[in-house]
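The model shown is predicted, which means the values in this text are computed figures rather than measured ones. These numbers come from the heavy atoms of this one structure, side chains and all, not from hydrogens, waters or symmetry mates. Note on naming: letters A, B, ... go to the chains in the order of the sequence lines (proteins, then strands), and numbering restarts at 1 for each one.
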Number of protein chains: 2
Amino acid sequence: MNTRDKITRLADQLIRKQGYNAFSYKDLSEPMQVRNAAIHYHFPAKADVGIAVIDKAIREFDEYKQQWSDLPENEQLEQFAQMYMRNCKQGLICLMGSLAPDYLTLPEAMQMKVRAMGQDLLDWLTYCLEQGRKKGLFSFSGEAYDRALLVASTLLSALLLNRVLGEDTFQRMYDQLLSDLLKK
Amino acid sequence: MNTRDKITRLADQLIRKQGYNAFSYKDLSEPMQVRNAAIHYHFPAKADVGIAVIDKAIREFDEYKQQWSDLPENEQLEQFAQMYMRNCKQGLICLMGSLAPDYLTLPEAMQMKVRAMGQDLLDWLTYCLEQGRKKGLFSFSGEAYDRALLVASTLLSALLLNRVLGEDTFQRMYDQLLSDLLKK
DNA sequence: GTCTATATGTTGATAGAC
DNA sequence: GTCTATCAACATATAGAC
């Protein structure tokens with residue numbers, strides 16, 4: 001992995017552990033054992049780091065979607081939820097859960113990226129739920145988009161609340177979420 | 001209102017607009033037209049501000065609970081949700097939605113307060129849902145505590161996502177949440 | 001309670017040598 | 001690509017006068 005990618009990877013973890021406003025160039029340069037100027041060479045401004053992290057997340061989600069594309073929708077949803085569970089086990093929240101609270105403090109270019117990432121995720125989830133419902137794999141009322149909002153929001157905040165309310169919180173919410181959608 | 005309360009009130013809005021790590025003593029002292037040392041007189045350390053804000057939120061929620069205590073549980077829940085809707089209209093997220101992402105960067109005394117606030121809220125919501133279900137006012141499966149987690153998480157993230165995904169987001173999630181719980 | 005003044009550290013960022 | 005060196009701005013926080 002090249003230096004740029006290593007920085008992006010580290011920044012991603014820092015953002016999802018501490019938040020965008022709580023990490024600094026020092027937090028990147030120290031573990032990589034270079035000076036902060038070296039980080040600035042790859043990413044002139046902090047927002048450039050943030051944008052690279054979001055772009056990487058969008059690309060990686062794209063790869064996942066492709067890998068799941070032949071599965072039935074209920075299994076696709078389960079794969080999606082397990083992506084969050086893996087984050088949970090690492091003590092990390094999701095990018096949206098980290099960046100949405102700080103949204104108003106972010107430079108406009110980052111705001112646009114965050115929004116694009118969210119729309120991308122919601123588009124996929126909406127389609128997955130709609131198709132799954134048509135096939136009888138899911139049972140839910142209302143518009144698929146509204147249901148997608150609730151599903152995404154549950155996983156997002158399950159990661160947040162797991163930190164605060166105890167380590168069984170994610171699993172409880174995960175189980176209840178899937179049981180709601182799959183039950184007749 | 002005394003100076004201490006004015007500071008607490010302003011800090012509350014800043015935390016729920018920008019996040020705990022993104023506001024400074026200057027953001028408090030400038031609008032109040034005093035020097036930053038005056039803020040330090042009332043709150044020696046930044047964590048003291050944070051703790052005062054959380055304590056105020058706990059007290060205010062206590063008052064609300066009392067005011068609602070004679071209503072049927074479905075109306076209590078509606079009042080609870082409308083509390084979030086009022087925040088939404090002011091462009092503010094809830095304290096938990098702001099502080100949970102930053103949880104690992106907070107001093108221990110603040111972490112304990114955040115946790116206490118969350119448990120307090122969940123306790124009330126769990127009891128409200130359980131009682132409402134017994135009376136046939138709500139319809140849901142699973143443990144009341146798990147359902148309370150989902151309800152709280154939906155309102156929390158509805159405020160977050162409303163900023164990012166567009167201003168109809170909160171209303172959509174609000175409607176779907178209540179319709180899910182009230183339907184037979 | 002608020003002020004001036006100051007201490008001390010950190011931040012994001014840049015210039016120029018190697 | 002990384003370094004040294006440096007910057008201005010801002011952060012949290014304290015001492016002591018009024």
Within this structure, what is the [atom1]-to-[atom2] distance between [X] and [N], rounded to whole angstrom?
{"X": "B:Asp27", "N": "D:dT12", "atom1": "CG", "atom2": "C1'", "value": "13 Å"}
{"X": "B:Glu30", "N": "C:dT2", "atom1": "CD", "atom2": "C1'", "value": "17 Å"}
{"X": "A:Gln33", "N": "D:dC3", "atom1": "CD", "atom2": "P", "value": "10 Å"}
{"X": "B:Tyr25", "N": "C:dT10", "atom1": "OH", "atom2": "P", "value": "18 Å"}
{"X": "B:Leu28", "N": "D:dA13", "atom1": "CG", "atom2": "C1'", "value": "14 Å"}

Is there side-chain contact between [X] and [Y], with at least one heavy-atom pair below 4.5 Å?
{"X": "B:Asp12", "Y": "B:Leu95", "result": "yes"}
{"X": "A:Gln18", "Y": "A:Asp27", "result": "yes"}
{"X": "B:Tyr64", "Y": "B:Trp124", "result": "no"}
{"X": "B:Asp175", "Y": "B:Gln171", "result": "yes"}

For residues 81-122 of chain B, which residue pairs qualify under ring pair (Phe, Tyr, Trp, His ring centres under 6.0 Å), counting only residues two or more places apart or in two chains?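 The answer is B:Phe80-B:Tyr84.
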Counting side-chain heavy atoms from CB outward, which of C:dT4, D:dC3, D:dC10 is closest to A:Val34?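 The listed nucleotide nearest to A:Val34's side chain is D:dC3.
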Parallel, tilted or perpendicular: rings of A:Phe170 and A:Tyr174 (30°, 60°):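 It falls in the tilted class, 30° to 60°.
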Just jot down the side chain to side chain donor-acceptor pair (under 3.5 Å) partners of B:Lys46, sequence neighbours excluded, or say none.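 With neighbours one apart ignored, the set is empty.
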Quick one: side chain to side chain donor-acceptor pair (under 3.5 Å) partners of A:Thr105, sequence neighbours excluded?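 A:Thr105: side chain to side chain donor-acceptor pair (under 3.5 Å) contacts with A:Asn21.
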Give a yes/no on whether any side-chain N or O of B:Ser24 is located under 4.0 angstrom from OP1 or OP2 of D:dC10.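 So the side-chain polar atoms of B:Ser24 never come under 4.0 Å of the phosphate oxygens OP1 or OP2 of D:dC10.
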N/O (side chain, B:Thr3) to phosphate O (OP1/OP2, C:dG1) under 4.0 Å: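 Checking C:dG1 against B:Thr3, no side-chain N or O comes under 4.0 Å of OP1 or OP2.
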When hydrophobic residues are tied together by side-chain contacts of less than 4.5 Å, even through go-betweens, does B:Leu92 share a cluster with B:Met117?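 B:Leu92 and B:Met117: separate clusters.
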Would a hydrophobic clustering, with Ile, Leu, Val, Met, Phe, Trp and Tyr connected at side-chain separations under 4.5 Å, put A:Leu182 with A:Leu71?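 A:Leu182 and A:Leu71: one cluster.
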Near DNA chain C, counting only heavy atoms under 4.0 Å, which residues of residues 12-22 of chain B show up?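 Close to the strand, none.
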One thing to verify: whether A:Arg147 and B:Asp180 come together as a salt bridge, which I'm taking to mean a side-chain N less than 4.0 angstrom from a carboxylate O.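 Salt bridge between B:Asp180 and A:Arg147, a charged N being under 4.0 Å from a carboxylate O: yes.
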Please list residues of residues 36-54 of chain B whose heavy atoms come under 4.0 Å from any atom in DNA chain D, ordered by number; otherwise none.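 Heavy-atom contacts with DNA chain D come from B:Asn36, B:Ala37, B:His40, B:Pro44, B:Ala45, B:Lys46.
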Given a 3.5 Å cut-off on both pairing distances, which stems involving DNA chain D, each at least three consecutive Watson-Crick or G-U pairs, are present, if any?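 Output for stems: C:1-7 with D:12-18, C:9-18 with D:1-10.
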